[in-house]
**Student:** 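Let me begin by handing over the structure; questions about it come next.
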Amino acid sequence: APVIECRNVTRSYGRGENTLNAVAGVDLSVAAGESLAIVGKSGSGKSTLMHTMALLDRPISGAVLVHGTETGNLSGRQLERLRNQEFGFVFQQFFLIAGQSVLHNVVLPLTIAGIRPAERRRRGMEVLERLDMADKAKSRAENLSGGQKQRLVIARALITNPAVIFADEPTGNLDAATGQIVEGLLFDLNREHGITLIVVTHDPDLADRCGRQAMIHDGRLTTLTPAAPTAVEE
Ligand code: ADP
Ligand code: ADP
(Lines give C-alpha, C1' and ligand atoms only; values in the text may rest on other atoms or scores of the structure.)
(Ligands and ions follow the chains in the order given, each with its own letter.)
Protein backbone atom coordinates (compact mmCIF):
# COMPACT_ATOMS: atom_id res chain seq x y z
CA ALA A 1 0.00 0.00 0.00
CA PRO A 2 1.13 3.60 -0.51
CA VAL A 3 2.51 5.19 2.65
CA ILE A 4 -0.10 7.94 2.31
CA GLU A 5 -3.12 8.06 0.09
CA CYS A 6 -5.65 10.87 -0.30
CA ARG A 7 -8.97 9.83 -1.77
CA ASN A 8 -11.13 12.71 -2.94
CA VAL A 9 -10.00 14.82 0.01
CA THR A 10 -11.76 18.11 0.71
CA ARG A 11 -10.93 20.40 3.59
CA SER A 12 -12.69 23.69 4.16
CA TYR A 13 -12.61 26.67 6.45
CA GLY A 14 -15.59 28.68 7.65
CA ARG A 15 -19.22 27.73 7.29
CA GLY A 16 -22.39 28.58 5.41
CA GLU A 17 -21.90 30.94 2.52
CA ASN A 18 -18.44 31.81 3.85
CA THR A 19 -17.19 28.27 3.34
CA LEU A 20 -13.91 28.10 1.50
CA ASN A 21 -12.70 24.79 0.16
CA ALA A 22 -8.97 25.22 0.76
CA VAL A 23 -8.44 21.69 -0.57
CA ALA A 24 -11.00 20.27 -2.99
CA GLY A 25 -11.32 16.71 -4.23
CA VAL A 26 -7.65 15.78 -4.15
CA ASP A 27 -6.59 12.25 -5.09
CA LEU A 28 -2.93 11.63 -4.42
CA SER A 29 -0.87 8.56 -3.55
CA VAL A 30 2.61 8.73 -2.11
CA ALA A 31 4.77 5.60 -2.32
CA ALA A 32 7.22 4.68 0.41
CA GLY A 33 10.64 6.19 -0.24
CA GLU A 34 9.61 8.79 -2.79
CA SER A 35 10.11 12.54 -2.58
CA LEU A 36 7.16 14.72 -3.48
CA ALA A 37 7.04 18.51 -3.76
CA ILE A 38 3.70 20.27 -3.29
CA VAL A 39 3.88 23.48 -5.30
CA GLY A 40 1.54 26.33 -6.25
CA LYS A 41 1.10 29.99 -5.54
CA SER A 42 0.49 31.45 -2.09
CA GLY A 43 -3.00 30.67 -0.78
CA SER A 44 -3.54 27.79 -3.23
CA GLY A 45 -3.98 25.25 -0.42
CA LYS A 46 -0.54 23.62 -0.17
CA SER A 47 -0.22 23.86 3.61
CA THR A 48 -3.79 22.74 4.16
CA LEU A 49 -3.21 19.71 1.94
CA MET A 50 -0.02 18.86 3.78
CA HIS A 51 -1.70 19.24 7.18
CA THR A 52 -4.48 16.94 6.04
CA MET A 53 -2.02 14.34 4.74
CA ALA A 54 -0.06 14.60 7.99
CA LEU A 55 -3.21 13.99 10.08
CA LEU A 56 -2.92 17.43 11.69
CA ASP A 57 -6.28 18.37 10.15
CA ARG A 58 -9.19 16.10 9.30
CA PRO A 59 -10.75 16.23 5.85
CA ILE A 60 -14.42 17.23 5.78
CA SER A 61 -14.97 14.61 3.10
CA GLY A 62 -12.88 11.96 1.43
CA ALA A 63 -10.30 9.81 3.16
CA VAL A 64 -6.66 9.82 4.16
CA LEU A 65 -5.08 6.36 4.39
CA VAL A 66 -1.76 5.65 6.07
CA HIS A 67 -0.12 2.36 5.08
CA GLY A 68 -3.49 1.42 3.61
CA THR A 69 -5.44 2.06 6.81
CA GLU A 70 -8.33 4.52 6.82
CA THR A 71 -7.78 7.19 9.46
CA GLY A 72 -11.24 8.80 9.46
CA ASN A 73 -12.52 6.66 12.34
CA LEU A 74 -9.54 7.20 14.61
CA SER A 75 -9.91 9.34 17.73
CA GLY A 76 -7.82 12.45 18.27
CA ARG A 77 -5.50 10.51 20.58
CA GLN A 78 -5.11 7.69 18.07
CA LEU A 79 -4.32 10.20 15.34
CA GLU A 80 -1.74 11.83 17.57
CA ARG A 81 -0.12 8.47 18.27
CA LEU A 82 -0.02 7.54 14.61
CA ARG A 83 1.44 10.94 13.74
CA ASN A 84 4.04 10.64 16.44
CA GLN A 85 5.02 7.12 15.32
CA GLU A 86 5.04 7.57 11.58
CA PHE A 87 5.73 11.23 10.82
CA GLY A 88 8.39 13.82 11.46
CA PHE A 89 7.78 17.55 10.95
CA VAL A 90 10.16 20.20 9.70
CA PHE A 91 8.40 23.53 9.42
CA GLN A 92 9.53 27.03 8.59
CA GLN A 93 8.84 28.12 12.15
CA PHE A 94 11.03 25.90 14.28
CA PHE A 95 8.58 25.25 17.17
CA LEU A 96 11.47 24.84 19.58
CA ILE A 97 11.03 25.23 23.32
CA ALA A 98 13.05 28.24 24.45
CA GLY A 99 14.76 27.94 27.83
CA GLN A 100 15.19 24.21 27.32
CA SER A 101 18.29 22.39 26.18
CA VAL A 102 18.87 21.06 22.69
CA LEU A 103 18.71 17.51 24.10
CA HIS A 104 15.38 18.23 25.79
CA ASN A 105 13.99 19.61 22.53
CA VAL A 106 15.25 16.76 20.40
CA VAL A 107 13.66 14.04 22.55
CA LEU A 108 10.27 15.79 22.77
CA PRO A 109 8.48 13.23 20.54
CA LEU A 110 9.85 10.43 22.76
CA THR A 111 8.67 12.27 25.87
CA ILE A 112 5.20 12.53 24.32
CA ALA A 113 5.36 8.81 23.53
CA GLY A 114 6.17 8.02 27.18
CA ILE A 115 9.69 6.66 26.61
CA ARG A 116 11.80 6.49 29.79
CA PRO A 117 14.42 9.21 30.45
CA ALA A 118 17.51 6.99 30.10
CA GLU A 119 16.43 5.72 26.70
CA ARG A 120 15.39 9.21 25.62
CA ARG A 121 18.84 10.46 26.46
CA ARG A 122 20.56 7.62 24.62
CA ARG A 123 18.49 8.07 21.48
CA GLY A 124 18.72 11.85 21.71
CA MET A 125 22.50 11.80 21.81
CA GLU A 126 22.58 9.26 18.98
CA VAL A 127 20.54 11.45 16.65
CA LEU A 128 22.45 14.60 17.65
CA GLU A 129 25.68 12.80 16.81
CA ARG A 130 24.26 11.78 13.45
CA LEU A 131 23.59 15.45 12.67
CA ASP A 132 26.94 16.54 14.07
CA MET A 133 25.36 18.45 16.94
CA ALA A 134 26.34 16.38 19.98
CA ASP A 135 28.50 19.21 21.30
CA LYS A 136 25.39 21.41 21.43
CA ALA A 137 23.31 18.99 23.53
CA LYS A 138 23.39 21.20 26.62
CA SER A 139 23.01 24.55 24.85
CA ARG A 140 19.70 26.30 25.09
CA ALA A 141 17.69 26.02 21.90
CA GLU A 142 17.30 29.78 21.52
CA ASN A 143 21.07 30.28 21.47
CA LEU A 144 21.55 28.28 18.27
CA SER A 145 22.00 29.89 14.85
CA GLY A 146 19.18 29.54 12.31
CA GLY A 147 20.91 26.67 10.52
CA GLN A 148 21.59 24.85 13.80
CA LYS A 149 17.96 25.33 14.82
CA GLN A 150 16.76 23.72 11.62
CA ARG A 151 19.25 20.86 12.09
CA LEU A 152 17.83 20.41 15.58
CA VAL A 153 14.33 20.37 14.10
CA ILE A 154 15.46 17.67 11.65
CA ALA A 155 17.02 15.69 14.51
CA ARG A 156 13.72 15.93 16.40
CA ALA A 157 11.83 14.84 13.30
CA LEU A 158 14.11 11.79 12.98
CA ILE A 159 14.11 10.58 16.52
CA THR A 160 11.09 8.33 16.17
CA ASN A 161 12.45 6.76 12.94
CA PRO A 162 9.50 8.11 10.98
CA ALA A 163 8.30 6.68 7.67
CA VAL A 164 7.61 10.19 6.36
CA ILE A 165 9.06 13.63 6.92
CA PHE A 166 6.75 16.54 6.14
CA ALA A 167 8.61 19.76 5.44
CA ASP A 168 6.72 23.04 5.05
CA GLU A 169 9.02 25.67 3.47
CA PRO A 170 11.95 24.10 5.35
CA THR A 171 14.46 26.63 4.04
CA GLY A 172 12.15 29.65 4.16
CA ASN A 173 13.83 31.27 7.17
CA LEU A 174 17.41 30.41 6.25
CA ASP A 175 20.01 32.19 4.18
CA ALA A 176 20.84 30.55 0.85
CA ALA A 177 23.97 28.72 2.02
CA THR A 178 22.36 27.34 5.19
CA GLY A 179 19.27 26.47 3.18
CA GLN A 180 21.42 24.34 0.87
CA ILE A 181 22.83 22.42 3.82
CA VAL A 182 19.41 21.75 5.30
CA GLU A 183 18.09 20.76 1.88
CA GLY A 184 21.03 18.38 1.48
CA LEU A 185 20.26 16.78 4.83
CA LEU A 186 16.64 16.18 3.91
CA PHE A 187 17.55 14.54 0.60
CA ASP A 188 20.23 12.40 2.28
CA LEU A 189 17.57 11.07 4.62
CA ASN A 190 15.35 10.34 1.65
CA ARG A 191 17.99 8.67 -0.53
CA GLU A 192 20.11 6.90 2.05
CA HIS A 193 17.54 6.01 4.66
CA GLY A 194 14.47 5.63 2.48
CA ILE A 195 12.43 8.16 4.44
CA THR A 196 9.56 9.48 2.35
CA LEU A 197 9.84 13.22 1.91
CA ILE A 198 6.84 15.48 1.34
CA VAL A 199 7.79 19.10 0.98
CA VAL A 200 5.75 22.26 0.46
CA THR A 201 7.89 24.84 -1.25
CA HIS A 202 7.99 28.01 -3.30
CA ASP A 203 11.56 27.27 -4.28
CA PRO A 204 11.68 25.82 -7.84
CA ASP A 205 15.17 24.37 -7.28
CA LEU A 206 14.03 22.50 -4.19
CA ALA A 207 10.92 21.30 -6.04
CA ASP A 208 13.06 20.11 -8.96
CA ARG A 209 15.14 17.93 -6.65
CA CYS A 210 12.01 15.98 -5.70
CA GLY A 211 11.02 12.88 -7.65
CA ARG A 212 7.50 14.22 -8.29
CA GLN A 213 5.73 17.56 -8.15
CA ALA A 214 2.06 18.07 -7.31
CA MET A 215 0.80 21.46 -8.50
CA ILE A 216 -2.10 22.88 -6.50
CA HIS A 217 -4.36 25.65 -7.83
CA ASP A 218 -7.39 26.88 -5.86
CA GLY A 219 -7.33 23.75 -3.73
CA ARG A 220 -7.28 21.38 -6.69
CA LEU A 221 -4.49 19.14 -7.84
CA THR A 222 -3.94 20.40 -11.39
CA THR A 223 -0.76 18.62 -12.46
CA LEU A 224 1.27 15.73 -11.17
CA THR A 225 4.67 15.31 -12.79
CA PRO A 226 5.78 12.85 -13.84
CA ALA A 227 2.31 11.36 -14.16
CA ALA A 228 1.70 8.18 -12.20
CA PRO A 229 2.08 5.11 -14.42
CA THR A 230 -1.31 4.19 -15.86
CA ALA A 231 -2.67 0.87 -14.76
CA VAL A 232 -2.47 -1.81 -17.43
CA GLU A 233 -5.93 -3.01 -18.29
CA GLU A 234 -6.39 -6.70 -18.74
P1 ADP B 1 -0.80 27.85 0.83
O2 ADP B 1 -0.12 26.93 1.79
O3 ADP B 1 -0.76 27.38 -0.59
O4 ADP B 1 -0.33 29.26 0.96
P5 ADP B 1 -3.08 27.52 2.58
O6 ADP B 1 -3.36 26.09 2.66
O7 ADP B 1 -2.34 28.15 3.71
O8 ADP B 1 -2.35 27.85 1.19
O9 ADP B 1 -4.44 28.31 2.40
C10 ADP B 1 -5.41 27.96 1.43
C11 ADP B 1 -6.61 28.87 1.58
O12 ADP B 1 -7.23 28.64 2.86
C13 ADP B 1 -6.27 30.34 1.54
O14 ADP B 1 -7.30 31.01 0.89
C15 ADP B 1 -6.20 30.72 3.01
O16 ADP B 1 -6.51 32.07 3.18
C17 ADP B 1 -7.25 29.83 3.62
N18 ADP B 1 -6.94 29.46 5.01
C19 ADP B 1 -5.83 28.84 5.46
N20 ADP B 1 -5.87 28.62 6.77
C21 ADP B 1 -7.06 29.13 7.20
C22 ADP B 1 -7.71 29.24 8.47
N23 ADP B 1 -7.14 28.75 9.57
N24 ADP B 1 -8.92 29.83 8.50
C25 ADP B 1 -9.50 30.31 7.40
N26 ADP B 1 -8.95 30.25 6.16
C27 ADP B 1 -7.75 29.68 6.07
P1 ADP C 1 1.14 28.26 8.91
O2 ADP C 1 -0.35 28.19 8.70
O3 ADP C 1 1.60 29.59 9.39
O4 ADP C 1 1.92 27.73 7.74
P5 ADP C 1 2.28 25.97 10.23
O6 ADP C 1 2.14 25.24 8.96
O7 ADP C 1 3.65 26.33 10.63
O8 ADP C 1 1.38 27.28 10.18
O9 ADP C 1 1.64 25.17 11.45
C10 ADP C 1 0.29 24.79 11.39
C11 ADP C 1 -0.07 23.88 12.55
O12 ADP C 1 0.75 22.70 12.59
C13 ADP C 1 0.08 24.57 13.87
O14 ADP C 1 -1.19 24.62 14.48
C15 ADP C 1 1.04 23.74 14.67
O16 ADP C 1 0.55 23.56 15.99
C17 ADP C 1 1.09 22.42 13.96
N18 ADP C 1 2.48 21.90 14.03
C19 ADP C 1 3.56 22.53 13.61
N20 ADP C 1 4.67 21.83 13.85
C21 ADP C 1 4.26 20.68 14.43
C22 ADP C 1 4.94 19.53 14.90
N23 ADP C 1 6.28 19.42 14.85
N24 ADP C 1 4.22 18.54 15.41
C25 ADP C 1 2.89 18.64 15.48
N26 ADP C 1 2.20 19.71 15.06
C27 ADP C 1 2.87 20.72 14.54
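Both counts, for ligands and for their atoms, begin at 1 and track the order of listing. Positions are given from 1 along the sequence.
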**Student:** Looking only at atom types and distance, does a side-chain atom of Thr69 sit under 3.5 Å from a main-chain N or O of Leu65, one as donor and one as acceptor?
**Tutor:** no

**Student:** Using a 3.5 Å cut-off on N or O atoms only, is Ala22 in polar contact with ligand 1?
**Tutor:** no

**Student:** Is it the side chain (CB and beyond), the backbone, both or neither of Leu20 that lies under 4.0 Å from ligand 1, heavy atoms counted?
**Tutor:** side chain

**Student:** By number and element, which atoms of ligand 1 are closer than 4.0 Å to a non-hydrogen atom of Thr48?
**Tutor:** 5 (P), 6 (O), 9 (O)

**Student:** Judged on heavy-atom distance to atom 7 (O) of ligand 1, which of Ser47, Ser12, Gly219 sits nearest?
**Tutor:** Ser47

**Student:** Less than 4.0 Å between a side-chain N and a carboxylate O, is that true for Glu126 and Arg130?
**Tutor:** no

**Student:** Hey, which atoms in ligand 1 end up nearer than 4.0 Å to a heavy atom of Lys46?
**Tutor:** 1 (P), 2 (O), 3 (O), 4 (O), 6 (O), 8 (O)

**Student:** Tell me whether Val200 shares a hydrophobic cluster with Ile216, the cluster being built from Ile, Leu, Val, Met, Phe, Trp, Tyr side chains joined at under 4.5 Å.
**Tutor:** yes

**Student:** Would you say Arg140's side chain and Gln100's backbone share a donor-acceptor pair under 3.5 angstrom?
**Tutor:** no

**Student:** Is it true that Arg121 and Glu119 have a side-chain N and a carboxylate O under 4.0 angstrom from each other?
**Tutor:** no

**Student:** Does the residue Ser44 have a heavy-atom contact with ligand 1, meaning some pair of atoms that are separated by less than 4.0 Å?
**Tutor:** yes

**Student:** Numbering the atoms of ligand 1 from 1, which are under 4.0 Å from a heavy atom of Ser42?
**Tutor:** 4 (O)

**Student:** Is the closest heavy-atom distance from Lys41 to ligand 1 below 4.0 Å?
**Tutor:** yes

**Student:** What I'd like to find out is whether the side chain of Leu152 reaches to under 4.5 Å of the side chain of Asn105, using heavy atoms alone.
**Tutor:** yes

